[in-house]
Amino acid sequence: MHETRPAKITSPVVSLGNGYIRTIPVAAIVAAVGIVVSILFSGGLGARFMHAYLTNYAFLLSICLGCLFFVTIMHLTRAGWSVTLRRIAELYAMCVVPMALLFLPILITVLTSNDILYPWVDGGWSMGDGDASAQAAGFVNTLPVNERPPFEQLKYGFLNPGFFAIRWVVYFLIWGGMAAFFLFTSLKQDKTGEAKLTHRMQAFAAPAMIVFAASLVFSSFDLEMSLEPFWFSTMFPVYFFAGAVLSAWSTITLTALWFQRTGRVTDEITTEHYHDMGKMMFGFIVFWGYIGFSQFLLIWYANIPEETFWYNWRINYPGWKTLSYVLLIGHLFIPFLAMMGRTVRRNRNFMFGASIYLLVMHWLDHFWLVMPHYNHYVGGGIEGRGWPTFNPIADLACTVGMIAAFIAVFCVICRDRPLVALQDPRLGEALNHEVH
Amino acid sequence: MAEKTNNDADSKLIGLLGQFDDPESLVAACNEAREAGYKKMDAYSPFPVHGIDPAIGIKRTILPLIVLGAALSAVFVGLGLQLYTNSSAFDALTPFPGYPFKISGKPIFSIPANIPVTFEIIVLTSAITTFLGMWILNRLPMFANPLHRISRFKRVTNDKFFLCLEAKDEKFNRSASEDQLNKWGAVAVEEVRQDLTDTDLPKWIPTAAILGAILLLLPPAAIFSQWGQTNRHPRLHVVPDMDWQHKFKTQTMSPNVANGRDEVDLLYADLRSARRPVDGAIAFGSLDIDSELNYGVKQDFAHTISFRSNVRASLSDDSKKDEAKGTEAGDEAPAAEATENMEQWVTTFPQGVEVTEDLLTRGQQRFNIYCAACHGYSGQGNGLVNQKAMALAANGDATWTSARSLHDADVKGDAKNPVGRIYDTITNGRGNMGPYKAQIPVEDRWAIVAYVRALQETGLKSPGADDAAAEETKDEKSEEVSEDENSEEEKSEEDSAEEETKEEDKAADDASEEDKTEQEKKDDA
């Protein structure tokens with residue numbers, strides 16, 4: 001007979017605790033070393049390093065945003081099953097606040113009219129005038145706005161450094177506000193156990209979701225799509241979103257498994273939860289592929305040069321072509337078939353490996369989105385060189401450094417906070433969750 | 001006990017039904033039954049009971065695997081269907097030729113285009129397989145279930161829970177099983193009997209089914225019998241007065257000999273079904289007698305226009321000869337271009353074209369639509385089509401003459417390209433550029449001319465422009481002004497041009513030269 005578990009946390013819930021305070025300096029040192037090595041190997045604080053930085057920044061930010069989405073959607077749907085997983089997502093969502101600090105290098109680049117990252121900051125990009133002069137003359141290539149080609153003037157209304165900075169301040173206010181509200185209300189509930197706090201979070205979740213969706217759309221335009229100011233795709237934010245949510249699902253699963261293996265969380269998270277997370281991951285693998293292909297198909301079919309060049313760089317040049325196929329097969333086909341079965345989704349070792357695998361794929365996805373731009377504009381043309389950005393040490397060092405920084409930040413946010421929501425009214429539902 | 005429980009020769013015992021009052025005792029009883037070795041049994045409840053599946057020992061269904069197999073085969077069916085229907089290359093393998101669609105240069109068979117259809121076929125196949133597979137695995141349709149003859153069972157949709165031990169089970173024993181059910185907490189135990197009388201299907205049903213199937217086969221059989229046949233009879237006309245209407249169709253002869261009747265309706269002696277326009281008739285809105293407006297050629301040189309409409313041809317006999325010449329010797333055209341009379345082009349905008357800001361805006365818009373693809377938004381000759389084509393040409397994958405930069409020294413200025421000549425270029429094309437007179441109306445062509453002049457006039461600024469070049473531009477401009485007959489219009493054009501850039505007299509030529517060198521660099525690469 002099926003036993004109903006009492007609706008409270010029975011085991012002593014452990015926080016990260018003092019032991020993990022020691023992780024912070026180690027992670028900080030690794031972060032510093034990684035960033036320095038990356039700068040050295042990419043030849044200074046130039047375009048090469050900034051592109052590696054942007055790749056990793058987009059990767060980590062998308063995880064935070066995916067976790068913020070997780071928290072919001074769970075409140076919006078009044079989900080009971082996910083209560084014991086929600087705290088992990090809340091903690092990751094809170095990471096957007098330090099992520100705002102990590103955005104400063106990108107923002108400073110833009111505000112100093114330096115076009116090593118975004119060609120639109122100083123105009124002239126529609127005239128094929130990006131790289132040569134930028135490299136030769138540093139970044140003194142500024143064309144007065146009213147002397148730029150009409151097409152650029154039109155886009156200047158949106159793509160200008162000042163408005164860019166204002167937008168990012170607004171994005172971080174929205175995300176930080178949401179994350180802080182959810183985390184602190186939830187922490188307050190740990191002490192008081194009031195049901196009205198849950199009602200408050202649910203009421204907040206609905207309007208917050210609308211604002212979140214809008215900010216996600218525009219931030220994905222700003223962060224990665226505007227690398228090619230010519231190119232536009234209204235499907236791009238959905239693509240970004242699909243990847244973000246998939247990686248958030250993977251990150252939450254990975255973190256939950258890690259907490260359980262190290263004994264920080266015991267039986268609050270069950271195989272049933274992993275099974276459901278596996279289903280969500282499976283769903284978003286399909287969604288990612290669906291959106292990615294839809295975006296490709298429309299551009300492929302319409303065959304308009306202003307749109308096709310973006311894909312042309314990615315699928316017709318050596319190296320990028322391989323990477324495109326790696327993504328198609330490794331990000332869609334393999335996980336699609338691998339995660340289809342019920343048995344594998346209930347296997348914790350499998351879910352551990354699948355989460356890491358999907359995060360690697362998600363990182364490659366961002367590499368694929370960002371790096372061809374370096375090749376084309378700053379690297380002196382994609383045509384002749386093929387795969388010139390292949391500089392694995394610069395990329396890997398930057399990735400290791402950024403992830404270490406992220407882990408340090410995560411540990412700081414976790415501190416001694418409980419890793420499971422202690423007194424949520426729907427705790428019983430989560431503890432007795434059963435998948436059919 | 002129900003009506004049928006007494007030993008009836010016409011009925012057969014198929015199981016024992018135990019009733020339970022709550023889901024917990026049902027699950028407990030199921031566990032007991034499974035542990036006692038029963039395999040063939042089923043539990044009935046008003047709602048899904050947690051944990052009932054493992055309690056009755058239900059094995060996991062194989063339906064997902066069936067659906068997976070169906071979906072994978074649908075991939076091949078979907079792709080194969082499209083490969084077959086789109087290809088003509090498989091004639092040898094297939095009895096019917098396909099319809100190869102040649103759309104905008106796409107390959108006849110390409111995976112991206114076929115994925116949506118394949119995807120839909122996968123979804124459809126999977127859905128149908130799931131539905132039918134569920135029916136088959138559940139042995140549906142079942143028209144009558146003996147359980148429904150038991151009155152107490154009716155509360156299974158309401159508030160009672162039942163466990164049925166089937167008589168087919170090896171462990172089943174009428175009295176022992178009843179005792180066991182009672183022991184496991186059943187509040188009532190009842191026999192389930194199947195009525196053996198009147199179980200046969202009425203005879204007319206299979207007969208009607210067979211007849212219906214035969215009837216359904218007739219239309220395809222009729223079509224199949226005609227496969228590969230040739231029929232010399234005229235086709236059936238179901239609605240004759242729709243097929244034979246009393247009118248002449250365009251591009252047909254008079255009389256319409258296809259009407260199938262014997263008598264000849266000779267309506268017109270010249271056998272044309274439609275009349276030609278009277279000589280000199282001009283269709284509404286197509287009077288192009290104003291050569292300055294319509295051809296960019298001065299009225300004095302109107303007779304030299306070699307490219308003629310019907311209207312002009314009917315106006316002058318001389319021009320008719322010219323036209324004949326032109327059509328006979330197509331190869332002479334380049335030679336004629338070589339000795340082009342620059343005097344013929346109008347140097348000012350013709351009457352009726354007023355250069356205003358509205359016109360320039362219109363021209364900019366049209367330019368960005370029609371011209372920018374090759375010439376670029378700023379007219380530097382580096383539009384996206386040009387970039388792509390040059391990249392292909394560099395690899396030897398295409399032949400392509402680069403689009404001209406409108407800022408080149410030998411393109412700019414009244415000496416090289418007076419407005420009339422620019423207008424003519426848009427109208428009839430030049431070099432590799434095709435004619436645009438079919439796409440762009442006359443007024444819009446002049447608007448584009450005005451915008452092109454504005455682009456050339458303002459040029460493109462680049463840091464470190466040469467002052468000497470700036471002076472050159474100034475000189476050129478003053479020449480222009482002195483030549484101007486219609487200075488007011490020209491002035492307004494310049495005004496608008498001034499709005500485009502503040503420092504008008506900076507070197508535009510220099511910018512274009514720089515572009516040229518850049519272009520050359522690219523070409524070398």
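Letters go in sequence order (proteins before strands), and every chain restarts at 1.
- The two residues P305(A) and L384(B) come nearest to each other via the heavy atoms CB-CB, 3.7 Å.
- The shortest side-chain heavy-atom distance between K388(B) and T308(A) does not fall under the 4.5 Å cut-off.
- Residues of residues 113-122 of chain B placed with any heavy atom under 4.5 Å of a heavy atom in chain A are listed by number as A113(B), I115(B), P116(B), F119(B).
- With a threshold of 4.5 angstrom between heavy atoms, I52(B) does not approach chain A through any atom at all.
- Heavy atoms of other residues, nucleotides or ligands lying less than 6.0 angstrom from NZ of K155(A) number more than 12.
- When the shell of 6.0 Å around CZ of F158(A) is examined, it contains more than 12 heavy atoms from other residues, nucleotides or ligands.
- Crowding of F350(A) atom CZ: a count of heavy atoms from other residues, nucleotides or ligands under 6.0 Å exceeding 12.
- For F293(A) against P112(B), the heavy-atom pair with the smallest separation is CZ-O, 3.3 Å.
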- Task: Start with the C-alpha gap between M340(A) and L68(B), add the side-chain angles, then the distance that decides, and say whether side-chain contact (heavy atoms from CB on, under 4.5 Å) holds.
- Result: CA-CA 10 Å; M340(A) 200 182 255; L68(B) 179 66; 3.8 Å; yes
